[in-house]
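Start at 1 and go down the list; that is how both ligands and their atoms are numbered. Everything numeric in this text was worked out from a predicted model, so none of it was measured. Values below: every heavy atom of this structure, side chains too, minus hydrogens, waters and symmetry copies.
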Amino acid sequence: MRSKISLILIIYLIIFTVSIYALNFEDINNLEYEISAEYNHDAEAFTQGLEIYNNHLYEGTGLYGRSSLRKIDIESAKVLKKINLDKKYFGEGITILNNKIYQLTWKEHTAFVYDLNFNLLNKFEYDGEGWGLTNDGQYLIMSNGSQFIFFRDPKTFKIIKKIKVNINDNIVQDINELEYLDGFIYANIWQKDYIIKIDAETGSIKAYLDFSNLLDQKHEDQADVLNGIAYDFQNKSFLITGKLWPKIYRVTIKNDL
Ligand code: DDQ
Ligand code: CA
């Protein structure tokens with residue numbers, strides 16, 4: 001009996017190891033980028049959501065007792081508006097659609113909806129965890145720490161469809177902060193130093209950006225990982241940061257065809 005259990009365990013271990021190795025990024029495009037500017041970022045902000053709307057940066061932060069929603073002037077890093085969430089909520093991804101700000105919570109099954117002045121308009125309840133949030137102009141697009149990304153109706157929060165994030169059919173989990181642009185979803189993977197570019201129809205990963213060279217510029221901690229992607233339409237570039245990072249970086253992709 002004991003040996004049967006250990007045999008099963010060994011088989012699982014082999015399958016697990018093989019699936020990890022299958023996740024090599026050799027087949028997919030490593031996008032070159034340039035960091036054209038850097039801005040200050042509140043190193044107390046545990047970044048869980050990042051988006052640009054009408055040339056202002058909006059940020060949602062996490063941790064119990066420190067969760068907030070902020071409107072920020074990019075150049076000066078000045079916080080123009082801020083509300084704190086009740087300490088029972090761990091704030092997660094944010095996105096703005098039809099002049100409404102949506103903010104997820106990690107394990108509290110609650111999404112908050114605010115107007116652009118941060119007045120609370122509505123709340124939705126959902127199953128499971130809340131991680132990243134973005135939108136394609138029609139649907140809210142949400143991650144929950146799994147390999148799935150869900151498209152939800154912004155009026156009802158109902159799930160319309162889901163995609164499975166994968167490289168050549170090997171699933172990729174821990175999908176975190178998101179940013180939708182032109183048919184693709186750019187995503188952080190929790191505790192990984194790269195951003196992946198996902199086909200929003202199929203879930204297949206088409207390319208990635210490697211930010212491991214930015215690592216020495218952040219704190220040395222397991223929690224302060226790369227997280228936060230916001231597309232800046234005016235400057236055709238992304239702003240990226242991490243949880244508790246002192247800087248936000250402007251990233252322009254060079255070889256994206
Ligand atoms: N999530 O972003 C992966 C969804 C949640 C991460 C929560 C990590 C909590 C760590 C607390 C560290 C305190 C500085
Ligand atoms: Ca984002």
Side-chain angles (χ1 to χ4, degrees), residues 41-72 74 85 87-97 100-111 126 128-137 139-151 165 172-182 184-193 195-198 200 209 211 218-233 237-246 248-251:
H41 176 242
D42 179 0
E44 298 293 309
F46 198 80
T47 310
Q48 300 289 66
L50 203 66
E51 189 164 306
I52 294 171
Y53 192 76
N54 289 341
N55 300 321
H56 283 112
L57 185 66
Y58 290 79
E59 179 172 21
T61 71
L63 298 174
Y64 293 106
R66 278 167 61 181
S67 293
S68 68
L69 177 65
R70 302 158 185 223
K71 178 182 177 181
I72 298 157
I74 298 170
L85 272 61
K87 63 178 189 305
K88 70 177 188 223
Y89 294 106
F90 191 119
E92 286 284 341
I94 63 160
T95 194
I96 305 175
L97 179 57
K100 292 192 180 78
I101 308 171
Y102 295 79
Q103 183 174 33
L104 302 175
T105 53
W106 184 18
K107 293 181 173 179
E108 291 71 49
H109 313 288
T110 308
Y126 53 86
E129 298 190 7
W131 285 40
L133 195 63
T134 186
N135 76 82
D136 61 4
Y139 297 125
L140 300 169
I141 302 175
M142 170 174 165
S143 66
N144 66 357
S146 70
Q147 65 272 39
F148 293 108
I149 295 180
F150 301 86
F151 290 68
V165 180
V172 178
Q173 294 176 313
D174 286 330
I175 303 302
N176 208 356
E177 222 278 294
L178 306 172
E179 189 73 11
Y180 177 90
L181 176 67
D182 290 342
F184 293 95
I185 300 166
Y186 295 79
N188 289 114
I189 306 174
W190 188 44
Q191 295 185 320
K192 295 272 189 292
D193 301 321
I195 288 173
I196 50 175
K197 181 181 177 183
I198 305 161
L209 294 96
F211 289 104
K218 68 182 186 70
H219 311 181
E220 289 310 319
D221 191 322
Q222 291 285 78
D224 54 5
V225 291
L226 179 72
N227 202 43
I229 317 166
Y231 188 68
D232 184 343
F233 280 93
S237 52
F238 292 90
L239 297 187
I240 65 138
T241 192
K243 303 177 185 193
L244 311 174
W245 284 24
I248 290 177
Y249 300 92
R250 183 177 292 283
V251 169

(message) For the metal site, I want the angle between atom O of Ile229 and atom O of Leu178 with the Ca ion (ligand 2) at the apex, to 10°.
(response) 110°
(request) Using the Ca ion (ligand 2) as the apex, give the angle to atoms OE2 (Glu177) and O (Leu50), rounded to 10 degrees. (result) 100°
Which of the ligand 1 atoms, numbered from 1, are nearer than 4.0 Å to a heavy atom of [X]:
{"X": "Glu92", "result": "1 (N), 2 (O), 4 (C), 5 (C)"}
{"X": "Trp190", "result": "3 (C)"}
{"X": "Phe90", "result": "7 (C)"}
{"X": "Ala223", "result": "12 (C)"}

How does [X] reach ligand 1, by side chain, by backbone, by both or by neither, if only non-hydrogen atoms under 4.0 Å count?
{"X": "Gln191", "result": "neither"}
{"X": "Glu129", "result": "neither"}
{"X": "Asn176", "result": "side chain"}
{"X": "Leu63", "result": "side chain"}

(message) Would Lys197 and Phe184 count as a cation-pi pair here, with the cationic atom under 6.0 angstrom from the ring centre and within 45° of the axis?
(response) yes
(request) Walk me through it: do Asn135 and Thr95 pass the test side-chain hydrogen bond (donor to acceptor under 3.5 Å, both in side chains)? (result) CA-CA 7 Å; Asn135 76 82; Thr95 194; 2.8 Å; yes
(message) Which label fits Trp106 and Tyr64: parallel for a plane angle under 30°, tilted from 30 to 60°, or perpendicular past 60°?
(response) parallel
(message) Is the ring pair Phe233/Tyr231 parallel, tilted or perpendicular, if the boundaries are 30 and 60 degrees?
(response)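 Perpendicular, since the angle between the ring planes exceeds 60°.
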Any donor-acceptor pair under 3.5 Å linking the side-chain atoms of [Y] with those of [X]?
{"X": "Asn227", "Y": "Gln48", "value": "yes"}
{"X": "Ser146", "Y": "Gln173", "value": "no"}
{"X": "Ser68", "Y": "Thr61", "value": "yes"}

(message) For ligand 1, which is the ligand I care about here, please tell me if Lys243 has any N or O atom under 3.5 Å from one of the ligand's N or O atoms.
(response) yes
(message) With nothing but distance in play, are any N or O atoms of Gln48 less than 3.5 Å from an N or O of ligand 1?
(response)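 Checking ligand 1 against Gln48, an N or O pair does fall under 3.5 Å apart.
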(request) Measure from the Ca ion (ligand 2) to every N/O/S atom of Glu179 and report the name of the nearest one. (result) OE1
(message) Looking at the Ca ion (ligand 2), is there an N, O or S atom belonging to Gly49 that lies under 3.0 Å away from it?
(response) no
(request) Evaluate the side-chain hydrogen bond (donor to acceptor under 3.5 Å, both in side chains) criterion for residues His41 and Glu59: first the C-alpha distance (whole Å), next the side-chain angles of each, then the deciding distance (0.1 Å), finally the verdict. (result) CA-CA 10 Å; His41 176 242; Glu59 179 172 21; 2.7 Å; yes
(request) In plain terms, say whether Arg250 and Asp232 are close enough for a salt bridge, that is, a side-chain N and a carboxylate O under 4.0 Å apart. (result) yes
